[in-house]
Structure formats: structure tokens, C-alpha cells
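Right, one structure below, let's go through it.
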Amino acid sequence: MVNKFHLLVLIFAVFRSSCFRSQPELLDGTLDLNLRVVFQDPVYDKINYLSSFPINLISLEYALESYVGITDTAGYVTFENLIWTPYKTSGIQEVWIADYQDTLTLYLGESLMDIEEISQSDTAVWVYAQISTNPGIKINEIFYACFAGPIPFYFYDQYVELVNSGSDTLYLDGMIICRVGPTMNIQAIFQFPGTPLTGCEHPILPGQIVLVAGDAYDHYSIDLSHADWEFYNSDEYNGFDNPEVPNLVNLEVGAKADFGINLKADLVIIADGSDVEYTDGIELNTIVDGVEYTDNLALIKRCDPRIDKGRAGVGITPYSGQSIERVRPGFDTDNSSVDFIILSRPTPGYQHGDQVQLAVN
Amino acid sequence: MRIMRPSNFSPIKKLILLLFLVEVLIGADQPSVFYMNQPRNNSPDWLGLFLYDLGHNPAFFKLANSADFSLYSFGLDYWNNAYRRHFDSEQVRNYDLCFYNVKTLNEKATIASYAGYARMDFYSQQQSLEKNFYDHYFALVDTTTGNISYKRPHLGFLYNYSLNAKILAGFEINYGVEQGLKDVYTQCETILRDIGLKAGIGLDLSAIASHFGIYGRIFNRQGKYEAVQEQIAPQVFTYFGYHAVKRENATDLIRKNDSYQGYEVDLNLMRANFIWSDLTLLLSGAWIGAENEVTVGSIARPYPRGYGVGSEKKAIAVAQYFPPNKRLGFRLSYTYQNLADWAKSGLYNVLILDNKVQCHQWDILLRHRLNSAFDIIFGGGYEITFNDYREYIVNFIYDKNQSRTESFIKLHTRPNSIISIDIGGSYSNYIPDFHWNTKRFQVFGFQTVVERLTTFGFLGFSLNCGISTPQETTRHNFIIGIGLYLKKNY
């Protein structure tokens, strides 16, 4: 019996010592990162080390305040005692590039995913700044999540905001705004009045923000009665039309619904209107801008990367009242993951951070 | 305890345990259904503890329960948490129904079985998708307030066998499942499966008035949380400790999986007639280890959220003196607990929090038998807890000491041969954990139990109530509970 007892004790001793993982020696909050912000000139193939460049490290794991740093004269920045987590970098700065003899708007948008490897590196990790390009008419904000209100399934307060990020006056004549489905099929197509490409009746001034409302009235949760434009489908039963707001009209044959986009994931494009034969899709070279948003990155990306390489709105839930907007008006890298941020409330007709409504008259 | 945050025992719950198990001031949190559900008021020797009361070694079950009986019980509690923490519910109703049976098969073998069904209704449960947010280092919350109903059938079986006159063996298995459903979006459904196996062996050395025992227990709990989002989809977050939060992807279905398992080794020793006649010494030591792995996402493609290990060392020493023919009796007890938990990040091998707790507790219980029909029992206790809780994602340290004092009085009377009545009251004063956001709680409790012998057996009715009051507020939490049981001895 004594032998059996010893055996029992031995079994438990072995069990105790072997079944749990050992405690990590490294504490969280001890990560040091040494980064160097550079701009690799695509024309002259020259490396520029960016000094005094602001850089934010945003945790992709935890909802924490971002870490803020600024590069020294050689482009280095050191972050100490960070949380162990993958990070996304962000930062925008106007930088004088001598080779160009011009000031460029550079931005950071890289993610630092392999933190373990980066932390073991003896040298600074290079973070590449990129040029914000493509001035023109852009989608500046999309409010698709809607507000939760007394009426269930209410989605008439959606809107799309456009901006002219160029330095010249451009024209909306004949342009189209489309909702694109998962198989790149056109699910809704609405057109500005006027002649595409050549019309000059509906100007959009440099920096002007234009609000295109689903229904231009006061929804109580949000007032869109002063929108610049309104989506309107004359075939919609009992559809609302604000007579004081000009309309974008429906081009889809047989469609009886107003313009509406999904509250979770969708693709919105604007095109110059030279191709409105929507049944076979929209010609890629007529597309001016496109933004794909989703609440879930696990869903298959639907948009051609030549239009949008990323996806905005990750984490937004339906009826949360949240919105997506460009970090700056017209800031466009064709990557909505970088270009857009999530706003807790929509900003119809103006840019977040601005105290005054700029474009709603 | 055991992969749990710092002591989070509800003050009223503690008080009720104090009252309901006033005769057993120690070991009340041991997860043995064969122990917790036995009313003992009808027993004239109910103050005396045995080894089974300390460690719940199934090998000693028969020695602690010499008679066969059946027990049917029903309990109902209502809790009103006027003063509560952020993730607590406003009101709780507990219903508990159980059947318990002890049967001697022959002179060597005894079996006990248990079947129970519990239902817990949490009203206005704020944000937490967990039954008790403060129990978990990795906890799910959302943005809604709703009602959650938990239903828990539970089964247990114990087999106690005497190998010979000196060697006892015992085996116990507990199995339970629990389903919880939140009635608002995110309509979170929780499914838990809990199983515990215990095997013990004991030496009955009556010749030297001693008993010695050892047992091992393994337990395993699998928890699944499925938060289904519909029209108005709330956001779901995972808490890492109390301060760091991760926003989960806004998918239609949020899944969290808890895989919790561990084991326990327990040693017990009892020596009767120690120094004096009728003075009994009981010693018990336990080591418990457990791990918990938390993932989110589907079972086919889980994403790690965290991993934690907890251990507990516990030692209990009791000296009791309840001579049957003397008016005075007493019990002194000392309990030492040492908890050490840590948790690591799911993505990296870094420590995100650790928790070290040491607790010393001294209790005294005095009995004065006024006459054959009237006992008065009173006593008190003091507990001091040394905390060292640290979070590393968001720098947070809680290293303050906590203390608790309690006192109680209980009158036990037997007006005639078929009726017994207990009336008791207690007072407790203690410093709660930091997340209670108050410096001190005062708790008053009252309990009465009336038991009558009928043709069907002992029919008992109990009434509990308690009020806890945090310092510097005017809000009071209260609990009222009633219980009904029928115990039939064979």
C-alpha cells in the first residue's frame, strides 16, 4: 500500500510540474522601437531622411491612446516602453524636397506587424513616407452606418460627400455615383445633370465640399435639409424630393428604390459619366474615385486595387452614428485604410476638426 | 481565486455563507456539491468538524455522514444591488432545486448522488457578457444593458469504499452544464460545461485517534460565448484585466472560447484527544493549479486572446473542543491562502498582468449550552489580505492591504423533540477591492431556520436576509432568501 501511495504522490508531482506553460519573463510595456522615417524618391531614386516629421503609432490590438513622436534631424525617432502589439504608423507633413524644388505632402501609412523581429533588430527600422497624389474630385466622407432612432431599420439619413482637392475649378456635370455589389455589379447608379466631361454648369471650386444626401430633410438625428444635392428616383413609391435641392437622377432601368448603401460593407465609386452602360460594369478608366468600406476584414475584398487598395470603416457597427472621412480633404493615396478615419459623428458638409461648416449654404 | 481577479466575493454572499454555514467557517468555497447542500441543524453534534469538512476528501465521506438520508431542497434568493460596480447587474434572482441521496450499500460501500437545477436571472446586466465580469482576466463586454438568464443542471456521484478496517477510498465526479442567454442584442449565448473528478484515500487510525488522507482532483471547464449581432449591432470589447480593452471586429457573430483546467492535491490530518481529552486537531493543506486559454473567433480558426495560470496554496488548522457532556465548547481556526496568478498576451510571450495575494484568517467560535434544549453560539473572525496586483498594458498597481472583521451570534433551541429553531445575526466590516470604489463595507445579516420532524422526515424552512452598506453612500444592497427542505433519514 505504501508503494501505491508513493506512486500517487509521484503522479501528482509530475502532473504539477509539466502541464502548465511557464511564466514569461518579459513584461508588457517594455518594448523599445527605433524607427527612421525616410522618403524614397521614385524619380531620382534617392533616399531623403525626413526630419521633424510627426509620427503616431496606433495599436492595432488595444484601444489605447496613440504614441506620438517626432523625428530628429537624421530622421530617427525612438519610442520606449511601448506595449507589445502590432502598430499602424500615421503622420502627414508638408516637406520641401530639394530635387523637386517643391513642397510635397508626404504621409505614413505602414503597419509594423512583426514586432518581435523589429524589436530584436540592432538598426533602426525604416518607415517609408509616400506622396499623396491625384488631385481632383474625391469622395470625402460616406455616412452609411445611420443613426439608431425610434423607427427601426431607418437608413434614409445616409449621404456621400465630395471634395475638389485640386487647385482648379472642376465640374460635376454628368458625373455618376454608383453602388457596386460583391461581384462588381452595379447595384445603384445616379447621375448629376449636365453633359459628362464637357459640361460646365455645376462647378465645384478648389477645396469645396459638396454634400449629396439620400433624402435632403431634417432627420432629427442629423439635418440634411441644406444639402447641395439629393439622390432621387422618380419611380420610388412615395419617395421624398426636396424641391429646393437639385437632384441626381436614377439611371437604372426598373429600379424603384432611392440611393442606399449597405450599413456594414459596400463599395461606392464616382465616375466621369462617359460610360453609363452599367449592365456590363463601369469602365475602369472613367472612374474618378472609389472607396470600399467594411466592418469586417475577414470578408473578401471586392474593389480593384487600382481604385482602392484598402478598406475603410473597420469596426463601425450599423446604427452607431459613426462615419468615415478622409484624414484631410482630398487626401488620397488610393488606399482607404490610410486615407480615411472613423468619426464618432458625421460631419455633413464640413471636415472634421473644422469648427465652421464650410460648404453648406 | 484560480485564474481569477483579486478577491471579488460579493459582501452579501459572504455574509450569507457565514450565516448559513456558521458552523463551518472555513472551506466554504470548495466545489463539492456533496458538501454544500446538507442542512445539519437537526444534528446534535453539528458543531464538530471532521476531516471531510476541511478538505472534502471523498474517502472520508462515510465517516462524516454516518446515516443514510434523502434530501429535497428548494431555495430562492433575491438580490438588489443598489450599489454596484460598473459591470454588475441591478438585481439577481436565484432559484435552486436539488435532490440529494446517501445510501449505504453494505458495510464497506456507500454511495451518494446529487441532481440539481439552478436558474439565475440577472436583471439590467450592464455591458458584461460574462456572468461575473470581475471573475475573469479576459472578459467580453458590449454596449448594451439587458437581462440574462442562466440555467444550470448539475449532477454528482460519490462512491466511498473501505478497503479494510483502516484504509478508505473514495471517488467523486461532478458534472454540470450551464446555458445563459441575454435578451437584448447582442443576444449573447453562453454555454459552459464543467466536470470535476476526485479520487482520495484515507487512513482510519482509530487506535491512535487519528485520520490521515490525501486526494487529487482534476477539473475542466469549457466555455463558449456567442454574441449574435442583429439590427442595431453593439460593439463588443475584450477586457484584459481591468483597464486595457480591445475592440473586437464587428462581425455578425462574436465567439469567445474559454478552456479552463487544473488539478488539486489535498492532504488532511486529524488527531482526536490531542493533549486533552475531546480536543481535536485538524490540519489540511491544498495545492491547486489551473490554466485558462482564451481564444476568439470560430473553433476552426481561433485567434489567441490570452493565456493565464493560477495557483493557490491553502492551509487550514483547526482546534476544536466540544465535549458532549460539558456546557462550554470552542473552536479556533486559522486559514492561510496564497494565490499567484499571471496572464500573458495572446500574440506575444509577454506578461500582461500578475496577481499575488496572501491571506491570513483567524476565527473563533464559542458554544455555551444553557440546557439540553438551548445553545448559544457566538464568535468572530479577523482576516487580513496582502495584495499585489499589477497590470502592464496600462500601468496599474494595487498593493493595498485589506482587512475584514466579523462577529456573529446564533441561538439554537429545541423546544420539544420534534422542533428545532435557529436564529442568528452577524456583523461584518471590511475593506473591499479597489473596483468597488468605496473604502469600506458594513454588512448586517439575519437568518432563521425552523425544522420540524414530520411523518415524511425533517421539514425545514429558512429565511435569510442581509444588508450591506458602503461607506460614504446612502445606498444599501440587500438580499432576501428563503429555503425549504425535506430531509428523510433512513
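What you are looking at is a predicted structure, and each value in this text was computed from that prediction instead of being measured. Letters go in sequence order (proteins before strands), and every chain restarts at 1.
Looking at A:P24 and B:V350, their side chains never come closer than 4.5 Å, going by heavy atoms from C-beta outward. The shortest side-chain heavy-atom distance between A:Y62 and B:S345 falls under the 4.5 Å cut-off. B:I393 is listed as a side-chain neighbour of A:L64, based on a closest heavy-atom distance under 4.5 Å.
Residue A:E65 does not touch chain B at all, counting heavy-atom pairs closer than 4.5 Å. Neither the backbone nor the side chain of A:L31 comes within less than 4.5 Å of any heavy atom of chain B. Only the backbone of A:S22 has a heavy atom closer than 4.5 Å to any heavy atom of chain B. Heavy atoms of A:L27 lying under 4.5 Å from chain B belong to its backbone as well as its side chain. Contact of B:D354 with chain A is made through the side chain alone, with heavy-atom distances under 4.5 Å. Only the side chain of B:L347 has a heavy atom closer than 4.5 Å to any heavy atom of chain A. Heavy-atom distances place no part of B:E391 under 4.5 Å from chain A, backbone and side chain included. Neither the backbone nor the side chain of B:F237 comes within less than 4.5 Å of any heavy atom of chain A.
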- prompt: Does the side chain to side chain contact (heavy atoms under 4.5 Å, CB included) test come out yes or no for B:V309 and A:Q23, once each step is laid out?
  reply: CA-CA 8 Å; B:V309 169; A:Q23 180 173 345; over 6 Å; no
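Ranked by heavy-atom pairs under 4.5 Å with chain B, the first of A:E116, A:E25, A:E61 is A:E61. Between chain B and the options A:P86, A:G29, A:A145, heavy-atom pairs under 4.5 Å are most frequent for A:P86.
Here CD1 of B:I352 is found 14.5 Å from CH2 of A:W84. Values are rounded to the nearest 0.5 Å. Within the model, atoms OH of B:Y348 and CG of A:L26 stand 12.0 Å from one another, a figure rounded to the nearest 0.5 Å. Rounding to the nearest 0.5 Å places CG of A:D28 at 10.0 Å from CG of B:N395.
Taking the six-membered ring for Trp and the full ring otherwise, the centers of A:F20 and B:Y263 sit less than 6.0 Å from each other.
Atom OH of A:Y156 has 12 or fewer heavy atoms from other residues, nucleotides or ligands within 6.0 Å.
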